[in-house]
Number of protein chains: 2
Amino acid sequence: MMLITDRSLMSQTVGRTGPRRAPTMADVAQLAGVSHQTVSRVLSNHPNVRESTRADVLRAIGQLGYRRNSSARALVTRRTLTLGVVACNPTLFGPSSTLFGLEEAARDEGYMVSAVTLRRYSAAALREAIDHLSDWGVEGIVVIVPHREAVTALAELRLPFPVVTVEGGHNLPIPVVSVDQWLGARMATSHLLAAGHRTVWHVAGPPSWLEAEARAKGWRSVLEEAGAVVPPPIQGDWTPLSGYRAGQELAGRVTAGAAGRGSPEVTAVFVANDQMALGVLRALREAGLSVPGQVAIAGFDDIPEAEFFTPPLTTVRQDFAALGKASIRLLVSRLESGTTQGDDERVVIEPRLIVRRSSTPS
Amino acid sequence: MMLITDRSLMSQTVGRTGPRRAPTMADVAQLAGVSHQTVSRVLSNHPNVRESTRADVLRAIGQLGYRRNSSARALVTRRTLTLGVVACNPTLFGPSSTLFGLEEAARDEGYMVSAVTLRRYSAAALREAIDHLSDWGVEGIVVIVPHREAVTALAELRLPFPVVTVEGGHNLPIPVVSVDQWLGARMATSHLLAAGHRTVWHVAGPPSWLEAEARAKGWRSVLEEAGAVVPPPIQGDWTPLSGYRAGQELAGRVTAGAAGRGSPEVTAVFVANDQMALGVLRALREAGLSVPGQVAIAGFDDIPEAEFFTPPLTTVRQDFAALGKASIRLLVSRLESGTTQGDDERVVIEPRLIVRRSSTPS
DNA sequence: AGCATCATTGTTAGCGCTCACAGGTGGGGG
DNA sequence: CCCCCACCTGTGAGCGCTAACAATGATGCT
């Protein structure tokens, strides 16, 4: 008996000695002269607590610097309030902006976000990433891996928690949030066509990327509708270097003259992203071609640098932050509603064409 | 008795009915015909388990699709194996690359990373971010908020878990991992000076940023050592737009001629980051000035676009991924050793000068 | 043979919290 | 005056796991 009393006193008085372990709810309860349950009620804002009691408890909490133990809470409530994100290439402007918007939205909703990044996509890496997240008890995940195979692999996975994908393609039974890439490509291409160009060339992204595919499709659709010749798209890999190479090829076509056998002349190019557009711009300039004088260019993404390219780049702006927010809203809504089905939900965000000098000869 | 037997059978057979809750260690134990403790042993690779028993358990685990409950585990071990990160401006190339490297390193070490992003720095926002992380039970945090006030605020916080900062200034009792900004600035400035310029102008970052300060100091130190005039630095805010404005000012000085009262002529500029350098380049070009012909330029960061600027930008490369990895190593080492003190540890990574055309008249 | 030792397994007691329920108090209606 | 019903508070159980210890059998050594 004595011993017990001693111990309880010690835990409050000793303080200095040893790495005193974090105060528990019971400590707060004792100090406030109530039961641990009352402390719990105060913490969860239960209405039926007398005002004075609540104040006592809060004072004790402040005094002890008490923080609720999230593991214990998660154990009993079966809610970790944590969401997982799998992202690829998180160094690029798009993914990182999305991640940012997503995290902020999640925090507002009371969730924590844990991210796993993939250096390159592979089915194994994706699986591993998801395993890792699920080991940590996430309640749902957002997958930002706009690879065709990734998304199909995902659809086959049948996970025990909800999954939402960003830019994940529209043919699968997984909820998707995306910017309308197809529409964006159409906007850029139409814009160039409207400026009087006979046709528009295209520097495409890697074919396994869904965005690249959608942008190429949008571009092609406009040309076909307009009855314009559809030049062969040039393959890039999103990097400025690949854009540079594509630009060299295009420049070669220009200077070789319209004498080229059958190929339409190059007077306008829609490049699948801004980084590659930068490379194209440089290649053209090195070839002595003026933009937009001889060749008009449009990009995609509207990275912060685009406005300061030489010349400033006409491009398609994507609201990445909105993308992140929307994905969280979607995920949280099915978390709260307990819905696992209804897997065909779609949120599509409209892109916006930003016209700058690279496409407008003045 | 009958009832109990029934229930245990149900939990295995029913399957279809109801949202059968995740299997527990006891379920595995029962199926494998061992005690839950043995299952635990198998899972934690305890050596003293007979090989056949281990196999039985693993089979049961596979059969049931069992996953260890991380909350329960964390509750009893007092280890969440989760690290927190607070990052500012995570949309920029530097921070996002650091975050990426950091996450990867943490995963290798067996930790999960949860990030909180700050739209803009403020003491309140920082506090809030840290509170959020600590509510979720992180074991330590990495702070990537290279603001002077942020770091001092941090030093005063006295948190119950280890903290490491990235680029956090060297005068505080907090372990820091950083690239040697001062040295990088010196490399760029010396390089320009060595090319024969009488002095080097500077477009600086926001003064409250530690990197901006260190880069300005490095720049100044080289000029002073060389006995060169130190022109007044021009203030930017990291954005291309601010660089553009700075560029206009510099261009004005050039075209106004060396007739300016006292100011040295502008023939070389060290810009505190690549994005601003992009703005400067454009302003100079618009003013009809050639780079590097009339004005040589150097930047900082080596963003992927820098190589494709017009002209390609001489800049200082920072190994952000290494930064992330090093910060995790530092954090984990003091986590494992239980050290809370020894707070003056420093890891400094050397930057590398990347010389391109913007500084080398050919 | 007899006892210490080791490998292997089981048993028990919590970790800190929330949930479900059981009290106790006071006021208004019958 | 009593009962019912709001309010407020406390008690007990148990979430799924690990740590400490106990128990068993097999082995080795004297």
Side-chain angles (χ1 to χ4, degrees), chain A residues 4 7-8 11 19-58 60-61 64-81 134-137 139 160, chain B residues 4 7-8 11 19-58 60-61 64-81 134-137 139 160:
Chain A
I4 291 174
R7 245 179 68 86
S8 63
S11 70
R20 123 177 124 265
R21 82 140 137 279
T24 147
M25 203 169 252
D27 298 333
V28 175
Q30 191 188 344
L31 180 57
V34 297
S35 76
H36 64 120
Q37 180 60 277
T38 299
V39 177
S40 174
R41 286 198 186 93
V42 170
L43 251 34
S44 19
N45 278 316
H46 190 97
N48 290 348
V49 177
R50 203 196 306 148
E51 212 37 65
S52 66
T53 311
R54 179 186 308 276
D56 288 349
V57 170
L58 289 176
I61 287 176
L64 258 43
Y66 169 75
R67 318 201 71 134
R68 191 152 55 170
N69 179 318
S70 61
S71 304
R73 196 169 145 73
L75 177 57
V76 60
T77 59
R78 298 160 186 291
R79 308 270 278 116
T80 56
L81 296 179
S134 110
D135 278 345
W136 257 257
E139 295 186 29
Chain B
I4 292 175
R7 246 180 67 88
S8 62
S11 69
R20 117 177 130 266
R21 84 137 140 281
T24 145
M25 202 168 254
D27 298 334
V28 175
Q30 192 189 343
L31 180 57
V34 298
S35 76
H36 64 120
Q37 181 58 274
T38 299
V39 178
S40 174
R41 286 198 186 93
V42 169
L43 252 33
S44 13
N45 278 319
H46 190 98
N48 291 346
V49 177
R50 200 194 309 148
E51 212 35 67
S52 67
T53 312
R54 179 186 307 276
D56 289 350
V57 169
L58 289 176
I61 286 177
L64 259 43
Y66 169 75
R67 317 201 71 134
R68 192 151 55 170
N69 179 318
S70 62
S71 305
R73 197 169 143 75
L75 176 58
V76 61
T77 58
R78 299 161 186 289
R79 308 270 277 119
T80 57
L81 296 180
S134 108
D135 278 345
W136 257 257
E139 294 186 30

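Residue numbers begin at 1 in each chain, while the letters A, B, ... track the order of the sequences.
Ranked by how close their nearest DNA chain C nucleotide is to the 5' end, B:E51 and A:P23 are led by B:E51. Between A:S35 and B:Q37, the residue anchored nearer the 5' end of DNA chain D, judged by the nucleotide with its closest heavy atom, is A:S35.
Following rounding to the nearest Å, B:L81 (CG) and D:dC17 (P) show an atom-to-atom distance of 15 Å. If you measure from atom NE2 of B:H46 to atom C1' of C:dA7, you get 9 Å, rounded to the nearest angstrom. Atom pair B:L64:CG and D:dG16:P shows a separation of 13 Å (rounding to whole Å applied). Between the CZ atom of B:R67 and the C1' atom of D:dC15 there is a distance of 20 Å, given to the nearest Å. Going from atom CZ of B:R73 over to atom C1' of C:dG14 covers 17 Å, rounded to whole Å. If you take CE of A:M25 and P of C:dG14, they are 20 Å apart, rounded to a whole angstrom. Remark: C1' of D:dT9 and NE2 of A:H36 are 11 Å apart, rounded to the nearest angstrom. Separating the CG atom of A:D56 from the P atom of D:dC8 is a distance of 14 Å, rounded to the nearest angstrom.
Remark: the A:R41 side chain and the D:dG10 base include a donor-acceptor N/O pair separated by less than 3.5 Å.
Remark: B:T38 is not in phosphate contact with C:dT8, judged by side-chain N or O atoms under 4.0 Å from OP1 or OP2. Distances shown here put a side-chain N or O of B:R78 below 4.0 Å from the OP1 or OP2 atom of C:dG16. Checking the phosphate oxygens (OP1, OP2) of C:dT8, no side-chain nitrogen or oxygen of B:R50 falls inside 4.0 Å. Between C:dT18 and A:S40, a contact under 4.0 Å exists linking OP1 or OP2 to a side-chain N or O. Proximity of B:T53 to the phosphate of C:dT8: no side-chain N or O atom is located under 4.0 Å from OP1 or OP2.
Using a 4.5 Å heavy-atom threshold, the side chains of A:W136 and A:T80 count as separate. Taking 4.5 Å as the limit, every side-chain heavy atom of A:R78 sits out of range of all side-chain heavy atoms of B:N69. Residues A:R68 and A:V39 form no side-chain contact, since every pair of their non-hydrogen atoms from C-beta on lies 4.5 Å or further apart.
The side chain of A:L75 lies closest to D:dC15, out of D:dC8, D:dC15, C:dT18. Listed nucleotides D:dA19, C:dC15, D:dG16 differ in distance to B:N69; the shortest reach to its side chain belongs to D:dG16. Of the candidate nucleotides C:dA7, D:dG10, C:dC17, C:dA7 has the atom lying nearest to any side-chain atom of B:N48. In the set C:dT9, C:dT18, D:dG16, the nucleotide with an atom closest to the side chain of B:V76 is D:dG16.
When every heavy atom of B:A29 is checked against every heavy atom of B:S35, the shortest pair comes out as CB-C, 3.6 Å. When all heavy atoms are compared, the tightest approach of A:R67 to B:D135 is NH2-OD1, 2.8 Å. Nearest approach of A:S44 to A:S40, heavy atoms of both residues: OG-O, 2.5 Å.
The bend of the helix from C:dA1-D:dT30 to C:dG30-D:dC1, defined by the angle between the axes of its first five and last five pairs, stands at 50° to the nearest 10°.
Exactly one of B:V57, B:D27, B:L31, B:L43 qualifies for a side chain to side chain contact (heavy atoms under 4.5 Å, CB included) with B:Y66. That residue is B:L43.
Listed for the B:S71 side chain is no donor-acceptor partner under 3.5 Å among the backbone atoms of A:A74.
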